[in-house]
Amino acid sequence: MFCRVLGVVLCSTALTVYFASHSIGTVVVTTLACSLLLQLAYFASVLFLIWRSGHVSRAGQRAEHFGSCKEVGSEPPDLNEVTNESADLLQRDQMRAISVLLP
């Protein structure tokens, strides 16, 4: 698939340059330069895909580690629990304040 696309791009570039300049030397130089740029782009994209797959696998390992931490029981408290505890503390403090005021 890549070779077919490469061939189509190089042929279309060669034809375009030939009809624009009518020079075979310019066509050869331009086609070689285009081929080199396409190969560099292909190589860079492969390196990027390799880097991204390693980055994603490291993130997956961190997620697995985080999941194992949750199994141990180190997950954050539920919002309802925090709200209920805050309400209980407030009520207890109010009862203490009232008891201090009463003789």
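Using a 4.5 Å cut-off on side-chain heavy atoms (C-beta onward), L6 and L38 make contact.
S23 and T26 make their closest contact through OG-OG1, 3.2 Å (heavy atoms, listed as atom of the first residue, atom of the second, distance).
Residues satisfying the side chain to side chain contact (heavy atoms under 4.5 Å, CB included) test with L32, not counting sequence neighbours, are V28.
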Return a table of donor-acceptor pairs under 3.5 angstrom between the side chains of residues 39-48 and protein atoms on other chains or two or more places apart.
from, atom 1, to, atom 2, distance (Å)
S45, OG, A41, O, 3.3
S45, OG, Y42, O, 2.7

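The backbone N or O of T31 sits nowhere less than 3.5 Å from a side-chain atom of S35 that would complete a donor-acceptor pair.
Cluster membership check: L15 shares its hydrophobic cluster with I24, using side-chain heavy-atom separations under 4.5 Å among Ile, Leu, Val, Met, Phe, Trp and Tyr.
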